[in-house]
Amino acid sequence: MPVEVPKEKWPGSVRTITLGALPSEGGTRKRVVTVGGETAMPFMHFEGEIPNPPVVAIEIKDRKPDDWSPLLLETWKDVIDDPAQWAAAAEAAGADLIVLALSLTNRNGEPTSPDEAVASVKAVLRATGLPLIVFGPGQAEADNALLVAVSEATKGERLALGICEDKNYRTIVATAMANDHLVTARTPMDVNLAKQLNILISDMGLPLDRILMDPTTGALGYGIEYGFSVMERLRLAALQGDKMTQLPMIVTPGFEAWKAKESKVGEGVPASWGDWLNRAINWETLTALTLVESGADIVVLRHPESVKRVKAAIEELMAAKSLVS
Amino acid sequence: MSRYIAKRAIRGANALVREAELMLNRALKEKGEDQKVAFPNTAYYLPLIYGMTGIAVEKLEDLVPVIEQAKRLLHPMPSDNLWTPYLGETLDSGMATLLAAEAIEAIRFVYGLQPERMPGFTLAGGTSYPELDAPNNGRVGHLNGPIDDIQLRSWGIQLVDGRMPGFAAIVGAAKSNEVAVKIVRELQKRNILCFLSGNVNGRSIIHQLIEEGVELGYDTYTVPFGTDTISAIYALGFATRSALTFGGLKPGQAREILLYNRERVFAFVLALGEVDDLKYAAAAGAINFGFPVIADTVIPEILPTGITKYEHVVSMPFNEIEGADDLEKAERLVQKCIEVRGVKVKVAEVPVPVPYGSAFEGEVVRKNDMRVEFGGKHSRCFEYLFMAPLDEVVDGKVEVIGPSFENVEPQGHMDMGIIVQVAGRQMQEDFEPVLERQIHYFINGASGIQHIGQRDIAWIRISNNAAEKGFKLEHFGKILHARYHSDFGAIVDKVQVTIITEPELLQQWLAKARAAYDYRNKRLADLTDDKVDEFYSCTLCQSFAPNHVCIISPERLGLCGAYNWLDCKASYNINPTGPNQPIKLGKVIDPVKGYWTGTNEYAKIGSHGVVSEVSMYSIMENPMTACGCFECIVMLIPEANGVMVVSREDPSMTPAGMTFSTLAGIAGGGLQTPGVMGVGKYFLLSPKFISADGGFKRVVWMSSILKEMMAEELKAVAEREGDPDLIEKIADERHVTTVEELLAWLEEHNHPVLAMEPMF
């Protein structure tokens with residue numbers, strides 16, 4: 001007896017967004033990255049199109065990070081205090097994109113100056129041909145001071161600047177608008193708040209195809225199910241035709257997973273937890289893959305091995321496409 | 001539109017366009033059509049012309065079509081015996097004036113007449129002119145001329161992100177040097193950028209400020225453009241470039257650029273001294289941008305709104321302004337400018353001598369730690385907020401009338417009244433109670449201050465610690481002023497607070513306040529569902545109940561009890577993209593069960609298609625969904641032909657065989673379950689409470705805590721229902737915990753439900 005597979009027909013689709021600009025487009029990138037465009041839930045190839053696979057970004061810092069796991073420091077070794085070398089190493093490790101997270105202070109413990117931030121960003125742009133996302137240190141005043149300088153110094157590169165939040169988005173959006181960049185918009189795990197921030201940002205005049213939304217997530221075991229369900233609902237709303245949720249999603253599982261106890265702590269844990277490094281990588285990989293399954297378009301990771309595994313899994317999920325047609 | 005203004009603006013425009021044309025023709029002859037034309041350091045050519053017409057002027061000949069366009073915008077003088085609205089003609093003339101003015105300045109640059117020379121003057125930061133500024137040239141003193149792109153970016157971004165509230169284009173000369181300085185200082189104090197230009201009989205505000213030693217330039221946010229009116233064009237070039245840079249707009253999108261400025265750039269023109277034809281024409285140009293004009297002389301006003309957000313032209317003759325001296329008058333004048341353009345004031349910090357923040361809200365001041373109290377057992381304290389016309393409220397004024405508490409014995413008490421007057425363009429009388437209730441939270445935020453209650457049962461304590469740190473009565477006012485601006489800036493423009501301890505005055509105000517409370521109570525009682533054409537949605541709880549949506553009507557408050565219709569209305573005005581959105585009712589489908597086309601449509605959207613219909617007044621058919629925050633659960637008891645009401649605070653067993661917490665699982669989660677509903681406790685008192693199913697008389701069982709908490713109100717409901725003993729007939733957990741007991745109770749007390757129709 002033939003079985004009819006029930007199919008969902010969606011009226012809406014996710015916007016297609018391109019990060020980075022080629023020399024012919026006013027930038028200096030060797031390649032650009034396009035995300036979004038889905039007309040079905042993640043990897044439901046039989047219901048619609050998944051034209052662009054989710055991509056993996058590697059997070060690097062402008063100097064040796066103070067609070068990263070020794071496992072990560074050990075892995076990246078020599079490049080960890082040089083953003084340019086680090087970016088090149090990240091590209092070699094298979095990153096589709098680079099996320100450069102600026103530090104609040106420089107190597108001397110003084111506040112990072114706009115000039116230093118610009119120098120780091122420019123060094124990274126020279127060292128890699130990949131599109132770049134730049135995050136401020138996460139404090140409104142510092143974010144605005146550094147990102148405005150970075151934005152002006154890299155006009156036309158189509159960087160994504162972050163992180164816009166409801167309390168601080170105007171400056172970042174204004175400078176992105178003036179210098180042809182994108183922004184990432186973060187809200188704390190809530191569909192309506194995500195929508196509202198997208199509305200506020202687009203109200204300022206930034207076209208929706210220059211906004212990535214970051215619905216925030218938790219690591220495996222630390223609220224990922226909540227994050228998963230918010231992302232799933234955002235994606236459902238997008239496919240149902242709600243314009244203000246039709247933006248590709250970026251999430252930071254690397255940041256989340258590496259602050260979980262399971263990846264952070266190597267001693268004094270039950271032996272049954274197994275090898276520390278392996279466990280930490282598993283944590284990051286599983287967190288990222290869960291989010292990819294819930295609709296993430298960009299996952300930001302920290303360990304090269306996790307990158308390899310997540311990319312392999314995405315490839316397999318995308319390969320299912322051929323089984324459908 | 002004032003015919004007088006129209007006439008003078010049209011005349012001024014005709015003259016200036018003619019002058020521009022003559023200058024251009026001469027320049028073409030003398031310098032040739034290929035002569036380069038540019039403002040310094042800008043990528044926007046002649047920015048206003050570029051933005052409005054899309055023409056990128058690079059050479060003199062490029063100005064020819066610009067002047068042609070300006071000429072097409074000119075109109076003949078209005079006839080003396082035919083009256084027409086003139087608005088279109090005046091705005092056209094204004095635009096023609098702007099095009100001509102920018103062309104003239106560009107030609108002056110060609111002749112080396114711009115930036116205007118001012119021997120001996122040095123800018124405190126400004127557009128750079130290497131040939132003039134080079135030290136080996138002996139440094140030629142000059143004014144700024146147009147703003148360059150670097151500064152545009154720095155200021156433009158601040159205008160967009162709100163750090164800078166707006167700019168003032170000041171044209172002319174002030175009454176005296178002293179007044180000029182005061183005006184500029186008042187604007188600077190508010191972070192408002194000042195652009196200076198123009199003169200009256202040869203004397204400019206620029207001269208006045210230089211004479212007084214005021215530093216002018218980018219560094220001090222006061223930019224001297226030039227001492228003639230034409231140089232005011234640089235302000236509009238700046239505005240145009242802001243829209244192009246930060247508004248994502250393209251050259252030639254004139255309408256969009258003008259609208260962008262009207263909506264987002266809080267600028268205004270302050271015309272000081274006599275207004276001539278050219279100034280009228282330029283003012284008409286500014287109005288195109290939505291920038292109103294305030295004059296300190298007698299000119300005809302244009303008060304109706306339309307192009308600008310509020311009034312177009314306001315006359316405020318300097319000598320007639322209230323104020324002890326010229327300085328106070330200047331202050332008032334600036335205040336007026338801010339009002340007319342709707343510039344919002346920001347108060348960064350709450351200026352009190354004790355720590356302030358929401359962390360202190362729950363703090364208790366015990367008797368032993370207390371310096372003084374107002375209200376409570378031994379004294380009277382009341383608070384009263386009302387709206388007043390904008391001119392009657394002096395923003396930031398805090399007045400204490402009567403003695404302070406210095407002479408009150410430790411742990412003593414005294415009477416106090418807190419009177420708050422607010423004014424705002426968006427303020428409505430309906431928001432008064434909503435704002436007044438905030439006093440509780442605002443005052444509680446101060447460390448060492450405790451606030452309980454509201455209206456005339458307010459009770460405030462000041463701790464010894466706070467008093468020692470210097471907390472005084474006036475600080476109540478400072479707190480309220482700061483917080484109303486920061487939290488309710490969208491509806492409140494001005495806040496003035498009066499603290500009264502003087503006994504006689506206190507009694508007078510208490511009487512006024514009580515009259516207002518009564519009035520508000522009545523208003524609330526009169527505010528029924530059939531008197532409004534919109535309800536409000538509330539999606540605050542969708543973060544955990546994704547498909548639940550509250551629909552809040554005047555007679556049905558939110559199930560959490562925290563949001564009523566007025567709260568939602570205020571919340572929507574403060575935060576138009578927030579969780580409370582108006583729901584237009586549309587057509588009535590069923591007035592008894594409470595169905596409207598609008599509410600049904602919204603139910604579908606809000607629940608993401610899960611719920612397709614919601615009845616506002618029935619528990620049996622499509623009842624409203626619930627998140628989980630309800631104060632009470634209402635549930636059908638089929639055997640009793642009625643409903644029970646269980647309070648969240650009641651842990652005991654109910655006749656349904658379940659406790660509140662078990663029931664909550666059935667009622668919550670955004671599901672529509674006929675026979676079960678989560679409600680706010682005050683909804684029980686509403687005439688619309690399950691009115692389609694028989695109303696309050698259906699209540700057969702009710703947690704005793706509700707009976708106690710709302711004894712008075714329930715009594716009134718019983719009277720309304722025509723059965724004064726009704727509440728005694730309703731069972732509660734003290735006597736009845738099973739259906740059998742309930743049925744016996746109903747028989748015994750002859751509950752009206754026995755005689756009612758079956759519920760289903």
Side-chain angles (χ1 to χ4, degrees), chain A residues 11 140-141 143-145 147-149 151-153 155 164 166-181 187-210 215 226 229-230 232-234 236-242 244-245, chain B residues 43-44 149-150 152-165 241-250 253 256-257 259-261 263-265 348 486 537-549 571-572 575-581 604-610 627 670:
Chain A
E141 226 165 279
D143 282 5
N144 294 343
L147 290 175
V148 167
S151 167
E152 288 180 357
K155 185 174 164 74
C164 296
D166 73 330
K167 291 268 180 274
N168 185 48
Y169 65 93
R170 294 170 164 276
T171 309
I172 302 174
V173 171
T175 191
M177 210 144 57
N179 298 292
D180 308 322
H181 297 304
T187 42
M189 295 209 227
D190 185 297
V191 174
N192 288 323
L193 292 181
K195 252 179 94 164
Q196 188 180 2
L197 184 56
N198 296 339
I199 293 171
L200 291 172
I201 291 176
S202 63
D203 269 358
M204 285 185 69
L206 189 69
L208 283 168
D209 62 4
R210 279 161 64 188
Y226 201 105
S229 126
V230 167
E232 187 180 41
R233 278 161 47 212
L234 277 167
L236 283 169
L239 295 176
Q240 279 164 3
D242 180 346
M244 285 301 161
T245 56
Chain B
Y44 295 92
D149 277 5
I150 302 168
L152 163 82
R153 276 173 185 272
S154 153
W155 278 339
I157 206 164
Q158 294 183 53
L159 284 171
V160 175
D161 70 20
R163 275 176 286 170
M164 205 181 254
R241 281 185 289 166
S242 298
L244 291 173
T245 311
F246 297 105
L249 298 173
K250 301 271 169 293
Q253 287 183 309
E256 287 75 13
I257 292 170
L259 280 174
Y260 178 91
N261 275 286
E263 292 305 322
R264 292 161 205 266
V265 180
S486 72
S537 64
C538 183
T539 54
L540 270 173
C541 295
Q542 284 203 342
S543 51
F544 55 88
N547 297 328
H548 159 67
V549 43
S571 149
Y572 170 66
N575 184 2
T577 57
N580 302 112
Q581 297 291 322
K604 244 174 263 156
I605 299 169
S607 72
H608 311 104
V610 174
C627 42

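Everything quoted here is computed from the prediction, not taken from an experiment. The figures here come from the full heavy-atom set of this structure, side chains too, leaving out hydrogens, waters and symmetry mates. Here is the naming used below: chain letters follow the sequence lines, and residue numbers restart at 1 for every chain.
Within the 4.5 Å cutoff, side-chain heavy atoms of Val160(B) are placed close to those of Met204(A). At a threshold of 4.5 Å between non-hydrogen side-chain atoms, the residues Arg153(B) and Asn179(A) count as touching. When side chains are defined from C-beta on, Thr171(A) counts as touching Arg163(B), because their heavy atoms get closer than 4.5 Å.
Contacts between Tyr169(A) and chain B at a heavy-atom distance below 4.5 Å are absent for every atom of the residue. Residue Ile172(A): no heavy atom, backbone or side chain, is found under 4.5 Å from chain B. For Val148(A), the part sitting under 4.5 Å from any heavy atom of chain B is the side chain, from C-beta outward, and nothing else.
To the nearest 0.5 Å, atoms CD (Gln158(B)) and CG (Asn144(A)) are separated by 10.5 Å. Here CD1 of Ile157(B) is found 6.5 Å from CD of Glu152(A). Values are rounded to the nearest 0.5 Å. Separating the CD atom in Gln542(B) from the CZ atom in Arg233(A) is a distance of 7.5 Å, to the nearest 0.5 Å. Thr175(A) OG1 to Asp161(B) CG: the interatomic distance, rounded to the nearest 0.5 Å, is 10.0 Å.
Across Gly248(B) and Met177(A), no two heavy atoms sit closer than the pair N-CG, 4.3 Å. For the pair Phe246(B) and Ala178(A), the tightest heavy-atom approach, listed with the atom from each and the gap, is CE2-CB, 3.6 Å. In plain terms, the two heavy atoms of Thr577(B) and Ile199(A) that are nearest each other are CG2-CG2, 3.7 Å.
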